[in-house]
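Remember, it's 1-based here, ligands and their atoms both numbered in the order they're listed.
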Amino acid sequence: MASTDTATAEKPAPGPRPQAYYDGIKAKFAEERDLRLKYRPEGTAQYTSELTGSLAKYATDPYTDDFVPRAPIDDTVECLFIGGGFSALLTAARLRERGVESIRIVERGADVGGTWYWNRYPGAACDVPSYDYLPLLDEMKYMPSRLYAKGPEIFAHCQAIARRYDLYHLAVFRTTVTSTVWNEKEELWQIGTDRGDKMKAKFVICANGTLAKPKLSKIKGMESFRGHSFHTSRWDYAYTGADLSNLSDKVVGIIGTGASAVQAIPRLAKVAKELYVFQRTPSGIDFRNDRPTDPDWAASRRPGWQEARRMKAMRLREGDPQEKAELALLPREEKIRRQENANIDLMMRIHKRVEEVVRDKATAESLKPWYMFMCKRPCFDDEYLPAFNLPNVHLVDTHGKGITEINADGPIFDGLVYKVDVLIYATGFEVQKTGIYNEIRGIGGLELNEKYKDGMRTLLGVHSYGYPNFFIMGGYQASFQFNLTFMLQTQGDHIAECIKYAREHGHSTIDVKPETEEWWVQEVIKNRGKTNRNHDCTPGYYNFEGEFNRRQDGNYNGGFQQYYIHMTNIRGEMEKHFLFS
Ligand code: NDP
């Protein structure tokens with residue numbers, strides 16, 4: 001293997017490169033990963049999402065103050081959604097189309113929208129083309145205004161879906177579900193909330209989102225900071241001003257450089273008196289090339305265009321069948337080698353872009369990500385890297401260590417105190433869990449996390465044996481889709497069909513058979529074993545911060561098309577895969 005220095009010094013050159021070039025870069029990737037694992041052997045425990053006591057302000061909803069007291073609800077509905085984001089909206093719309101009327105959405109925020117309700121930080125926008133990301137475009141007869149719609153447009157689309165499908169009057173806002181308990185005698189779920197409700201539901205759809213609970217890095221002394229501070233998903237516009245102009249005389253610090261920070265930083269850089277970016281690991285920044293929607297193209301879309309576009313994208317993602325067949329004949333090591341080399345080429349292109357854009361050499365070096373493509377969420381922005389050429393923007397590269405101490409004035413690194421007026425935590429979200437804030441007890445009172453203690457157990461990430469009439473959206477053991485809303489739509493269609501089937505056949509309950517669940521768990525494990533990616537990657541939430549042993553707790557890696565086919569086949573043999581009563 002080539003030394004690290006060789007890897008760093010070697011510039012990507014056109015044409016085929018010797019394997020030693022790739023091995024040298026892989027050695028550097030491993031070195032950077034090990035550095036981070038050494039700093040944080042505690043894995044996910046480095047973070048807290050229990051934002052109570054002195055940390056409670058980081059979870060408080062800054063977007064509303066209309067906390068209207070109401071009497072507890074004590075009634076029964078047919079379908080109840082925990083969460084009011086895209087998962088609930090899409091599935092509720094499908095249920096409505098199938099004639100289900102008794103629906104309730106219970107949502108922690110003051111409106112629908114989920115991610116797009118909470119994440120209003122400046123620059124928030126989708127990273128998947130809007131024509132794919134925004135769901136129900138056909139049904140809503142809506143065309144997004146640009147290639148990458150901005151947060152307010154997406155939030156407005158969520159609200160429009162709720163209006164179009166008449167979901168608002170079914171929703172109970174500012175209410176957090178705290179317990180979901182199966183009552184075997186009544187064959188109903190009993191739902192408790194933080195508002196003292198005692199709701200009952202025949203079907204429960206756990207639609208609490210994939211990255212919904214803000215988390216903070218546990219940093220010594222953070223409570224002693226005397227300036228202002230908030231989390232990106234609770235943006236304090238009362239402090240910054242709607243146009244951020246209040247920051248023009250402020251020194252701003254931001255901790256973290258993940259996808260949220262990458263979108264917020266260019267906007268902060270334009271207005272802040274000084275901006276300090278505290279970086280632990282850089283993100284890979286690819287081109288965005290955003291543009292307004294071409295009106296002629298929009299006018300030429302025919303009914304069904306979005307579904308056709310999504311299905312085409314799914315087929316294309318799966319690749320050319322002949323190429324796939326040829327690849328399948330190669331030994332496993334060779335397949336991995338080719339894939340890794342292609343990923344390294346991509347990452348080196350990203351390095352090259354940093355060199356071309358960022359003028360200061362040391363800053364440019366610091367902004368280069370040293371890990372394999374997709375170890376961390378790829379980012380797309382054309383203003384992020386140029387922001388580091390501005391005189392008021394300062395990168396504090398902690399080289400994997402992170403900020404470990406904060407005092408009354410601000411973050412401390414390498415013995416230096418960075419005095420800031422406001423500190424923004426762009427430290428992300430708790431790794432997706434079924435039932436955040438919520439205790440879910442199925443048959444025999446078994447708590448879901450207790451069932452999962454030796455690893456998750458589901459069918460398609462949606463059903464779990466012992467939890468009848470209970471459906472999980474957006475959780476693990478489902479397929480990974482960069483376009484998450486397509487995935488959610490697919491799951492929503494499936495759930496609506498399962499409920500329709502149970503209703504039409506006069507069944508009170510539907511539960512997955514244990515043998516079908518076991519088959520799926522083995523499918524997940526088999527497909528996750530294809531590469532060493534989880535182990536080789538630098539720590540992040542994609543690999544549970546380096547907790548490599550959690551093999552069955554991740555996504556199903558057999559490909560979205562295969563996931564979709566499995567789902568369709570399972571629905572074709574309902575009696576074989578499900579228990580009914
Ligand atoms: P992430 O979890 O991706 O990023 C958290 C950041 O905080 C990382 O850079 C992490 O560093 C850093 N960090 C944590 N602790 C410290 C510390 N003590 N000192 C310095 N840095 C620290 O959170 P995001 O909110 O950025 O993104 C979460 C996810 O939300 C994305 O991956 C994406 O899935 C989604 N998202 C989607 C968007 C879109 O579609 N447009 C936009 C924004 C977010 P390290 O890398 O070393 O762990």
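Residues H228 and Y239 place their aromatic rings such that the two centres sit under 6.0 Å apart. A ring-centre distance under 6.0 Å is found for Y418 and F278. Aromatic ring centroids of Y276 and H394 lie under 6.0 Å apart. Separation of the F287 and F380 ring centroids does not fall under the 6.0 Å cut-off. Less than 6.0 angstrom separates the ring centroid of F544 from the ring centroid of Y476. No close placement of the Y564 and H494 rings is indicated, their centers lying 6.0 Å or farther apart.
The aromatic rings of Y133 and W116 lie perpendicular to each other, with more than 60° between the two planes, well past the 30° mark.
Atom CD of Q159 is separated from atom CG of L89 by 10.0 Å, given to the nearest 0.5 angstrom.
Taking only nitrogen or oxygen atoms, main chain and side chain alike, T257 reaches within less than 3.5 Å of ligand 1. At least one N/O-N/O distance between S260 and ligand 1 falls below 3.5 Å.
The G402 neighbourhood of ligand 1 comprises atoms 19 (N), 20 (C), with distances under 4.0 Å to a heavy atom of that residue. For ligand 1, the atoms lying closer than 4.0 Å to a non-hydrogen atom of S217 are 15 (N), 16 (C), 17 (C), 18 (N). When each atom of ligand 1 is checked for a heavy atom of T281 under 4.0 Å away, the hits are 45 (P), 46 (O), 47 (O). Proximity to T427 (heavy-atom distance under 4.0 Å) selects the following atoms of ligand 1: 5 (C), 7 (O), 14 (C), 15 (N). Each of the following atoms of ligand 1 lies closer than 4.0 Å to a heavy atom of A125: 39 (C), 41 (N).
Scanning all protein heavy atoms for the shortest distance to atom 19 (N) of ligand 1 gives I403 N, 2.9 Å. Protein heavy atom closest to atom 32 (O) of ligand 1, with residue, atom name and distance, is Y541 OH, 2.7 Å. Here the heavy atom of the protein found nearest to atom 20 (C) of ligand 1 is I255 CG2, 3.5 Å. Of the protein's non-hydrogen atoms, the one nearest atom 30 (O) of ligand 1 is L211 CD1, 3.7 Å. Atom 14 (C) of ligand 1 has as its closest protein heavy atom Y47 OH, 3.1 Å. Looking at atom 4 (O) of ligand 1, its nearest protein heavy atom turns out to be G258 CA, 3.7 Å. Among all protein heavy atoms, the one lying closest to atom 37 (C) of ligand 1 is R377 NH2, 3.2 Å. Protein heavy atom in closest approach to atom 48 (O) of ligand 1: R280 NH2, 2.9 Å.
No heavy atom of Y148 sits closer than 4.0 Å to any atom of ligand 1. For the ligand labelled ligand 1, residue Y121 lies inside the 4.0 Å heavy-atom shell.
Applying the side-chain contact (heavy atoms from CB on, under 4.5 Å) test between I403 and each of T398, L423, I412 identifies T398 as the sole match.
Counting heavy atoms under 4.0 Å from ligand 1, residue I219 touches it through the side chain alone. Contacts between A426 and ligand 1, counted as non-hydrogen atom pairs separated by less than 4.0 Å, involve the backbone only. With a 4.0 Å cut-off on non-hydrogen atoms, Q263 touches ligand 1 through its side chain and not its backbone. Residue contacts with ligand 1, taken as heavy atom pairs separated by less than 4.0 Å, do not involve A124 at all. When non-hydrogen atoms are compared, ligand 1 lies under 4.0 Å from the backbone of A259 as well as from its side chain. Residue-level proximity to ligand 1 for K376 is carried by the side chain, the only part with a heavy atom below 4.0 angstrom.
Figure legend: R309 and Y131 shown without cation-pi pairing, the cationic atom not lying both under 6.0 angstrom from the six-membered ring centre and within 45 degrees of its axis. The cationic atom of R33 (NZ for Lys, CZ for Arg) does not lie both less than 6.0 Å from the six-membered ring centre of Y371 and within 45° of the ring axis. Cation-pi contact between K213 and Y437: present, with separation from the ring centre below 6.0 Å and deviation from the ring axis of at most 45°.
Between K270 and E383, at least one side-chain N (NZ, or NE/NH1/NH2) sits under 4.0 Å from a carboxylate O, which counts as a salt bridge.
Side-chain atoms of I205 and M473, non-hydrogen and from C-beta on, do get closer than 4.5 Å to each other.
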